[in-house]
Each structure stands twice: as structure tokens, then as C-alpha cells.
J.: 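Here it is, the structure, as C-alpha cells.
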Amino acid sequence: MTTVEQAPEQGEERWRGVAAEDVEELDHATGVKLQARSRRLLGSLLRPHARAAVLALAIVVLENLVTLAGPLLIAAAIDRGVPAALDGRPEVLAWCVGGYVGVAFSATLLRWSFVRLTGRIGQDLLLDLRERIFRHAQRLSVSFHERYTSGKVVSRLTSDVDSLQDLLEHGLDGFFTSMLSVVGISIVMLTLDPPLASVVLFGFVPLLLLIRWFRRRSARAYRGTRGAIAKIIVQFVETMNGIRAVQAFRREKRNEHIMGEVNDRFRDANTEAFSVVAVFTSLVRVIGNVSLAVILAWGAWRVAQGELELGVLAAFTLYVRRFYDPFDEIAMFANSYASATAALEKISGVLEERPTVPEPEDPAPLRDVRGQVAFDGVEFRYTPETPVVLPAFDLHVPAGQTVALVGATGAGKSTLAKLVARFYDPSAGAVRLDGIDLREVADTDLRRAVVMVTQENFLFDGSVADNISLGRPSATREEVVSAARAVGAHEFISALPDGYDTDVRKRGGRLSAGQRQLVAFARAFLADPAVLVLDEATSSLDVPTERLVQHALETVLADRTAFIIAHRLSTVMIADRVLVLDGGQVVEDGSPEELIDDRGRFAALHTAWRDSLA
Ligand SMILES: Nc1ncnc2c1ncn2[C@@H]1O[C@H](COP(=O)(O)OP(=O)(O)OP(=O)(O)O)[C@@H](O)[C@H]1O
């Protein structure tokens with residue numbers, strides 16, 4: 001499959017993956033599809049915990065049944081226990097009190113086990129989700145990350161997972177307890193006194209309408225909050241990642257302005273969500289208080305008529321309170337539910353994204369790689385919307401050849417290099433290694449055979465040795481040291497405070513540009529790939545370091561095929577072959593000496609380079 005073939009089909013597929021993420025108003029059909037997708041994700045997360053979840057449900061049902069018995073025991077104590085005690089038979093009252101204590105104790109025990117169990121399920125589920133997001137995001141193709149930015153991935157992994165956590169930890173518990181108590185209380189009230197119960201149940205009609213209104217409004221508000229918090233995180237991560245440029249170009253004020261705007265949007269979206277809760281909870285109170293007033297008035301009148309026992313009226317007033325109180329809880333649940341579904345919608349979008357450079361299902365075996373690379377009729381564009389970068393590219397590079405890529409900026413050098421390392425797949429044609437289409441090569445084989453050293457010489461937090469052994473994680477310390485020796489990095493590493501165990505700090509901040517390059521070369525040397533793709537750093541080095549790096553480069557290039565995006569004359573001159581690119585096409589191809597004799601573009605470039613050094 002190719003990048004272009006992978007593009008979403010127009011129309012019905014437009015909601016797939018992260019496509020609908022920033023759409024403010026979703027059409028109904030898309031909304032339904034996204035909800036179904038979120039439910040599928042939640043279902044797959046819950047499935048391994050199905051038994052525990054059923055047990056938790058059983059516990060919460062039992063707890064509610066037990067709690068319901070409380071007011072009934074009070075009613076029995078007032079109507080039966082007290083008169084019996086006055087008659088000299090205190091045991092009835094003692095039974096009621098004893099029963100009440102028993103109920104309270106069991107309810108506590110059940111609550112304890114429920115919270116423990118749901119806490120465990122919730123944490124396991126969140127762990128699983130965080131792992132899935134990280135694993136998946138890490139495997140998604142470079143082209144996805146170029147579009148999506150790291151800030152968004154961070155917000156999926158943090159704030160979106162947090163809102164699901166909030167739902168699992170507080171929302172679900174509150175919701176189940178509340179629903180059960182509403183249902184349970186309705187049944188008890190109907191059994192105790194149907195006429196009074198019907199007053200409460202009548203209040204249900206406006207309540208249901210209110211709930212419907214609330215759900216719709218809060219879902220919309222929370223979709224807004226998820227989008228807004230993601231923007232805050234994106235802004236934050238990007239500012240901090242580019243902090244040097246931010247300070248160098250005095251971009252602080254502008255960034256503060258942008259941050260202020262997205263922050264305002266987040267506050268507004270949240271304020272809207274809370275104002276919906278405010279309206280909802282107050283109206284529920286009004287309905288509850290009106291019902292209570294009617295019950296008190298009508299109930300008292302019926303007690304006076306001798307139609308109703310006083311204890312029943314007392315129990316009823318307690319039940320009515322308990323009946324309406326959970327609606328606050330339900331409102332909070334609906335809020336966390338809306339927030340969590342909006343989060344799930346976004347997370348499931350990322351999880352649904354398929355790599356644009358997928359692993360082959362049935363990979364071709366790649367053994368004893370020689371390192372012959374071929375571009376056969378390759379056409380390439382980054383996205384279906386952007387122009388073609390390589391229109392029709394054919395190139396055959398025999399094993400062991402060092403190819404220097406030169407050309408003006410935007411000529412397509414990096415693109416060519418990225419295709420060799422399969423960061424992208426061609427839109428048409430094929431890139432082959434030893435005659436095998438890269439799309440048929442298993443990822444691990446490919447990464448072993450082709451290594452790319454980028455300009456940034458990315459070093460990870462950790463020791464120098466860790467960073468070198470990234471090239472071959474199974475390497476021993478001796479092998480790491482001998483790789484460093486081979487590229488001439490051993491001397492400076494040994495001079496560091498802790499030698500090979502020195503922490504390079506964030507992104508290798510402790511090392512100089514030249515040192516970082518040498519570590520990157522040692523890493524590539526240790527990896528010993530058949531094909532090396534190297535984007536030479538543009539930053540200029542001082543003369544001794546440059547010499548050191550040049551020498552290291554020759555060592556690294558020996559006995560393997562190499563593509564170098566060359567920025568230094570000295571590098572180009574050690575190449576076997578120079579390709580001059582222009583507009584995604586090879587305009588000159590030959591050894592450096594031949595091209596200089598040809599007096600073409602390379603010759604001019606060579607003269608300019610030489611003059612700049614003079
Ligand atoms: N991720 C991308 N998405 C879309 N277009 C891109 C992307 N990367 C590069 N391009 C475009 O592809 C063309 C070739 O870019 P490429 O980076 O290969 O040039 P280059 O020769 O390596 O340039 P430089 O010397 O400046 O690094 C340019 O027109 C560029 O705008």
C-alpha cells in the first residue's frame with residue numbers, strides 16, 4: 001500500500017482516525033459513528049475485567065439494598081417499636097435498633113470492597129490504555145507525527161486519559177449508586193403508600209425532560225473543553241521544545257498572547273459546562289422541594305384523617321430527600337461522562353490511525369544484505385494535497401558505493417534519503433534493497449539493514465554508552481568502546497567526568513555539536529548497517545573537530561552503501577559518486593572528478609565551495 005492509496009476515501013471515510021478531531025459541529029451520522037467507535041474502545045478495555053466489573057456491580061446493588069432498609073427500620077421503630085416499648089416490650093425496639101446497626105455496618109463493609117475493587121479495575125484499565133496509546137503512537141509513521149504534532153499526542157496521553165480516570169473513579173460509582181437508589185426508593189415508596197409515591201413519580205416527567213436537555217448541552221460543552229485543553233498542551237509543548245528559538249527571537253509576548261487565547265477558550269468551554277450543571281441542579285432542587293411540600297401537606301392531612309401512619313410519613317420525607325439528592329450525582333456523572341466520551345472519541349481516533357508505512361504481513365526474507373539500492377520509477381508526494389516532489393525517479397546504486405547528494409535547498413535530497421530509510425513509501429514505483437521492495441521487508445530487518453543518521457544527531461537522556469549502544473542494544477561495553485575508538489570519539493568520552501557513564505543530559509545538551517556527531521557516528525558504526533543514510537550536519541565545526549569528524553566519517557562509510565546529504569566539500573570529495581538534484585530529478589551523475597571536468601553545476605558548486613575555504 002502507498003501513501004496515496006492509504007489516503008482516506010472521500011466522503012464516508014472522512015471521520016476515520018483523527019480526521020474529525022477539530023470539527024466543531026459534527027453532523028448526526030458522523031456523531032453516531034464516533035460514539036460507536038468510542039464504545040468499542042471502552043468495551044475492549046473493559047473486556048478483560050468483565051468478571052470483576054460484574055462483581056462490583058453486584059456489590060453496589062447489595063449495598064443499595066442494605067442502605068434502603070435504613071428508613072424502613074426507622075419507620076418500624078416509630079410505628080411498632082416505640083408503642084411496644086411503652087407497653088413494656090422493649091425487644092421490638094431493640095431488634096429495630098440492632099437491625100439498623102447491622103445495616104450500617106454491612107453497608108460500610110460493602111462500600112469498602114466496592115471502592116477497592118473498582119479502584120483496581122480502573123487503574124488496570126488506564127494502564128492498559130496509556131500503554132496502547134504510547135505503543136501505537138510510537139509506531140505510527142513519521143508522516144502522521146508531522147501532521148499531528150507531539151503536543152496533541154501528549155494531550156491524548158495525559159488530559160484525555162485523566163478525564164476517563166475521573167469517570168471511572170468518581171462518575172461510575174456515583175452513577176450506579178444513584179440510579180440504584182432512585183429505582184430502589186421508587187419501589188419502596190410504591191409499596192409503602194402508592195398515592196404519596198405517585199406525587200414523587202409525577203415529578204419524574206419534568207425531570208426526564210431536564211435530563212435530556214442537560215445531556216445534549218453538556219456533551220457539546222465537553223467536546224469543546226477537550227479540544228481547548230489539547231490546544232493548550234500543544235502550545236505549551238511546542239514553546240518548550242523550541243525554547244531556544246523562542247528566546248532568541250523574542251517570541252515570548254506572541255506566545256503568551258496565543259496561550260492567553262487558548263486558555264480563555266478552555267475557561268469559556270468549562271464555564272459553559274458548569275453553567276449547564278448549575279441550571280440542572282437548581283431545577284432538580286425546585287422539583288424536589290415542590291414534591292416534598294406536596295407530600296408534607298397531603299401526608300399530614302391524611303395522617304390527621306387516620307389514613308396514614310406517622311412513621312410512614314416520616315419515612316417518606318426521608319425517602320424524598322434521598323430520591324432527589326442523587327440527581328446532583330447523576331448530573332456530575334453526566335458531566336464526567338460527556339468529558340470522557342469526548343476524550344475517548346479523540347483517543348480512539350489516534351488508535352484507529354494506521355501507519356502509512358505498514359509492516360508487511362508476510363515479509364520477504366532478507367539475509368546477508370549486500371546493500372544494493374534501486375529506485376524503480378519512483379514517484380513521490382508527501383500528501384495527496386501537496387505537489388509531487390520526485391516525479392519519475394530511477395537510480396541504481398551498487399553495493400558499497402558512497403553517493404553524495406547535492407543540490408539547491410528543496411531539490412529533494414532529504415526526501416530521497418527518507419525513502420531509502422522507508423520513513424515514507426513512494427506514491428508509485430518501488431524502492432528496492434538487494435532487489436526486494438522495501439514494503440516487503442520486515443521492520444526489524446529493515447532497521448538493521450538501513451540506518452539513518454539525521455542532522456540533529458539525536459541523543460537521548462542517558463549515558464554516552466547508552467546512546468552509542470542504541471545502534472546495537474546487545475553490544476557489550478568492549479564493543480561500545482571499540483566503536484567509539486574506531487570513530488575517534490574515545491578520547492573525548494574518556495575525558496568526561498564519568499567517562500562512558502556520563503549523562504549526556506536532555507538531547508545531549510552536555511556535548512558540543514562535533515561531539516554529538518561523533519557519538520552518532522559511533523552508534524552507526526556499532527549498528528554496522530549495509531546501507532547508511534547520513535544527513536550531514538550543516539553547523540560548521542572548528543578545523544581540528546572537522547578533521548576528526550571527517551576521519552570518523554571515512555571509517556563509518558567503509559564497506560557499506562551510503563547516501564550522504566553533503567554540506568562540506570571534503571565530504572563530497574570522498575564520495576564515489578555525486579548526484580546533483582534539481583526539482584526532484586538527477587541533473588548530473590558521476591564521480592566528483594568527472595563532474596568537475598564536465599564544468600556543469602557541480603563544477604560551479606565545487607569552485608564556490610573551494611573559494612569560500614580559501
Ligand atoms: N513533510 C513534508 N510535507 C510536505 N512537503 C514537504 C515535506 N518535506 C519536504 N517537503 C517538500 O519537498 C520538497 C523537497 O524537500 P527536501 O527536504 O527533500 O529538500 P532538500 O533538497 O533536502 O532541501 P534542504 O537542502 O533544504 O534540506 C520541498 O519542496 C519541500 O517543500
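Indexing begins at 1, ligand by ligand and atom by atom, following the structure's order. Values below: all heavy atoms of this structure, side chains included; hydrogens, waters and symmetry mates excluded. Since the structure is predicted, the reported quantities are computational estimates derived from the model, not experimental observations.
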J.: So, Arg267 and Asp264, do they make that salt bridge, N to O below 4.0 Å?
T.: yes
J.: So, Asp466 and Ser463: side-chain donor and acceptor under 3.5 Å apart, yes or no?
T.: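 Side-chain D/A pair, Asp466 to Ser463: present.
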J.: Anything with a heavy atom under 4.0 Å from ligand 1 counts, so go ahead and list those protein residues by chain and number.
T.: Glu146, Tyr382, Val389, Ala408, Thr409, Gly410, Ala411, Gly412, Lys413, Ser414, Thr415
J.: Tell me which donor-acceptor pairs under 3.5 Å the side chains of residues 576-588 have, and how far apart each pair is, sequence neighbours excluded?
T.:
residue	atom	partner	partner atom	Å
Asp576	OD2	Thr402	N	2.8
Arg577	NE	Asp589	OD1	2.9
Arg577	NH1	His396	O	2.8
Arg577	NH1	Gln401	OE1	3.0
Arg577	NH2	Asp589	OD2	2.9
Asp582	OD2	Arg601	NH1	3.1
Asp582	OD2	Arg601	NH2	3.1
Glu588	OE1	Phe602	N	3.2
Glu588	OE2	Arg601	N	2.5

J.: Taking everything shown except Phe492 itself, do over 12 heavy atoms lie less than 6.0 Å from its CZ?
T.: yes
J.: With ring-ring contact (aromatic ring centres under 6.0 Å, His included) as the test, would you mind laying out the steps for His490 and Tyr500 before giving the verdict?
T.: CA-CA 9 Å; His490 179 70; Tyr500 282 82; 5.8 Å; yes
J.: Does the side chain of Ser44 come under 3.5 Å of the side chain of Arg39 through a donor N or O and an acceptor N or O?
T.: no
